[in-house]
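To keep things clear, I will list the structure first and then write my remarks on it.
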Amino acid sequence: MSVQMTRHHSSGSLNRPRGLGLIEILVALVLGLFLVGAAASLFVGQLTEQRRRLLDVRVTQELRSAAALIERDLRRAGHWAAADQSLWLEGSATTPALNPYPAIHPASGDDSVLGYSYVHDRPDNNLVDANERLGFRVNSSSRTLEMRLAGAALAPASGDSWQPLTDPATVRITRLAIHTTATAMDLGARCTLPCPSAAAGCPPIQTMRVVTIDLEGRAVTDAAIQRALRSTVRLRTDVLAGQCPQA
């Protein structure tokens, strides 16, 4: 019996495990760096957007707080503690007392500063004292919104006493615009007697004032973040001038 032996030749290079080549390693590194860069860029973008949103909120809050303070204080313009002394419509033989606080700057039209007054003293001396002259302006150097604490005249001036209201490190006030609309109403129909011909101060006139305030500002660290607010205030104290004829 013969035994046939068959020899099988196999290539060791075909069965041996292969490692990563240089090119594959370089490709993997490039892809990894690309993914890391994309993730880092997304993270930085999110941080930047979050910072801008927070800054936007701070600027908006600064402007809203300042506008609310202007509105609240302006509504007190012309307040007079002795208003019961004004008998201009009663036909009294005595000369009626006049409200010393009704004036406002600007009386009509536009300006970049706001001036007004109301009573502070108790009892009221019926005189407009320095500490009863209030107002608002934008400081031309610091670009902060300022409130007047005392003044020499109705129209605000640089020599008056001022207090900043906005944070100069957060917001830069770029514009404060004041517009006053005055509407006069004839009250002659409320007089018992008709006015004499060409009589001065008859019939009495009531003037209603509406003040529109435009306030604009931008972030100090990012000029692209800008906000603007508009407020409209109807002054509660109207200007009364003249008197009904005496009986």
Side-chain angles (χ1 to χ4, degrees), residues 45-79 101-121 128-182 209-237:
Q46 289 179 342
L47 287 180
T48 301
E49 182 64 23
Q50 185 178 15
R51 183 192 66 83
R52 285 175 57 86
R53 289 181 179 179
L54 290 175
L55 191 57
D56 188 359
V57 170
R58 292 185 64 184
V59 171
T60 302
Q61 186 60 38
E62 283 277 330
L63 294 182
R64 285 180 177 174
S65 298
L69 193 151
I70 295 176
E71 292 177 27
R72 184 170 60 252
D73 202 65
L74 183 57
R75 288 192 179 98
R76 303 177 64 185
H79 172 65
Y101 303 100
I104 185 172
H105 176 86
S108 62
D110 303 295
D111 206 333
S112 59
V113 294
L114 175 63
Y116 54 92
S117 63
Y118 55 79
V119 62
H120 276 185
D121 299 332
V128 182
D129 300 319
N131 67 321
E132 295 176 325
R133 297 189 182 101
L134 293 306
F136 294 88
R137 72 168 187 177
V138 175
N139 187 298
S140 58
S141 300
S142 63
R143 303 308 300 182
T144 57
L145 180 69
E146 295 182 332
M147 181 178 184
R148 183 167 66 162
L149 303 180
L154 175 65
S158 58
D160 297 339
S161 177
W162 296 94
Q163 175 179 340
L165 298 178
T166 54
D167 182 6
T170 300
V171 61
R172 183 178 179 85
I173 303 299
T174 56
R175 180 172 179 257
L176 173 65
I178 310 298
H179 178 78
T180 302
T181 302
R209 284 87 52 84
V210 176
V211 181
T212 301
I213 305 156
D214 288 307
L215 184 63
E216 299 179 6
R218 67 171 177 82
V220 173
T221 57
D222 191 342
I225 299 179
Q226 303 182 32
R227 291 294 176 264
L229 294 177
R230 167 169 287 189
S231 303
T232 301
V233 179
R234 159 74 160 88
L235 298 190
R236 296 176 178 176
T237 303

Might you work through the side-chain contact (heavy atoms from CB on, under 4.5 Å) test for D214 and I178, ending with a clear yes or no?
CA-CA 7 Å; D214 288 307; I178 310 298; over 6 Å; no

So which atom in N131 and which in A150 form the shortest heavy-atom distance, rounded to 0.1 Å?
CA-CB, 4.0 Å

Side chain to side chain donor-acceptor pair (under 3.5 Å) pairs touching residues 146-157, sequence neighbours excluded, are R137-E146, N139-E146, R148-D160

Would you sort out whether L69 and M147 count as a side-chain contact (heavy atoms from CB on, under 4.5 Å), showing the intermediate values?
CA-CA 10 Å; L69 193 151; M147 181 178 184; 3.8 Å; yes

Rounded to the nearest 0.5 Å, what separation is found between the CD1 atom of I104 and the CG atom of L74?
5.0 Å

How would you list, by chain and number, every residue that makes a side chain to side chain donor-acceptor pair (under 3.5 Å) with R236, sequence neighbours excluded?
none

With side chains defined as the heavy atoms from C-beta onward, is the minimum distance between T221 and L55 less than 4.5 Å?
yes

Find out whether V211 and L235 are in side-chain contact, i.e. whether some heavy atom of one side chain is under 4.5 Å from a heavy atom of the other.
yes

Let me see the working for D222 and R51 under side-chain contact (heavy atoms from CB on, under 4.5 Å), right down to the final yes or no.
CA-CA 10 Å; D222 191 342; R51 183 192 66 83; 3.9 Å; yes

side-chain hydrogen bond (donor to acceptor under 3.5 Å, both in side chains) between T170 and R58, worked out
CA-CA 7 Å; T170 300; R58 292 185 64 184; 2.9 Å; yes

Can you measure from CZ (R52) to CG (L54) and round to the nearest 0.5 angstrom?
12.0 Å

Among residues at least two apart in sequence or on other chains, which ones pass salt bridge (charged side-chain N to carboxylate O under 4.0 Å, His left out) with D167?
none

Begin from the C-alpha positions of V210 and T232 and carry the test side-chain contact (heavy atoms from CB on, under 4.5 Å) through to its verdict.
CA-CA 7 Å; V210 176; T232 301; 3.4 Å; yes

Kindly state each residue pair satisfying side chain to side chain donor-acceptor pair (under 3.5 Å) with at least one member in residues 106-118, sequence neighbours excluded.
D73-Y116, D73-Y118, H105-D111, D110-H179

Beyond-backbone contact of E132 with V119, side-chain heavy atoms, under 4.5 angstrom
yes

Min side-chain heavy-atom separation T237-Y101 under 4.5 Å:
no

Sub-3.5 Å donor-acceptor pair from the side chain of R143 to the main-chain atoms of I173, do we have one?
yes

Do the side chain of W162 and the main chain of A157 share a donor and acceptor less than 3.5 angstrom apart?
yes

A68 backbone acceptor or donor facing E71 side chain under 3.5 Å:
no

Looking at P106 and T180, what are the two nearest heavy atoms and their distance?
O-OG1, 2.8 Å

Taking all non-hydrogen atoms of both residues into account, name the closest pair between L145 and T166 and its distance.
N-OG1, 3.0 Å

Contact summary for V59 and G217, nearest pair of heavy atoms:
CG1-O, 4.4 Å

Output the distance between atom CZ (R234) and atom CZ (R209), rounded to the nearest 0.5 Å.
9.0 Å

Name all residues meeting the salt bridge (charged side-chain N to carboxylate O under 4.0 Å, His left out) criterion together with R133; count only those two or more places apart in sequence or in a different chain, and write none if there are none.
none

How close do L215 and L63 get, heavy atom to heavy atom, and via which atoms?
CD2-O, 3.9 Å

Heavy-atom closest contact (S231 atom, A67 atom, distance):
OG-CB, 3.9 Å

Output the distance between atom CD1 (I70) and atom CG (L134), rounded to the nearest 0.5 Å.
12.0 Å

Set of side chain to side chain donor-acceptor pair (under 3.5 Å) partners for E62, sequence neighbours left out:
none

Quick one: are R53 and V57 in side-chain contact, heavy atoms under 4.5 Å?
no

With rounding to the nearest 0.5 angstrom, report the CD to CZ distance, E216 to R175.
5.0 Å

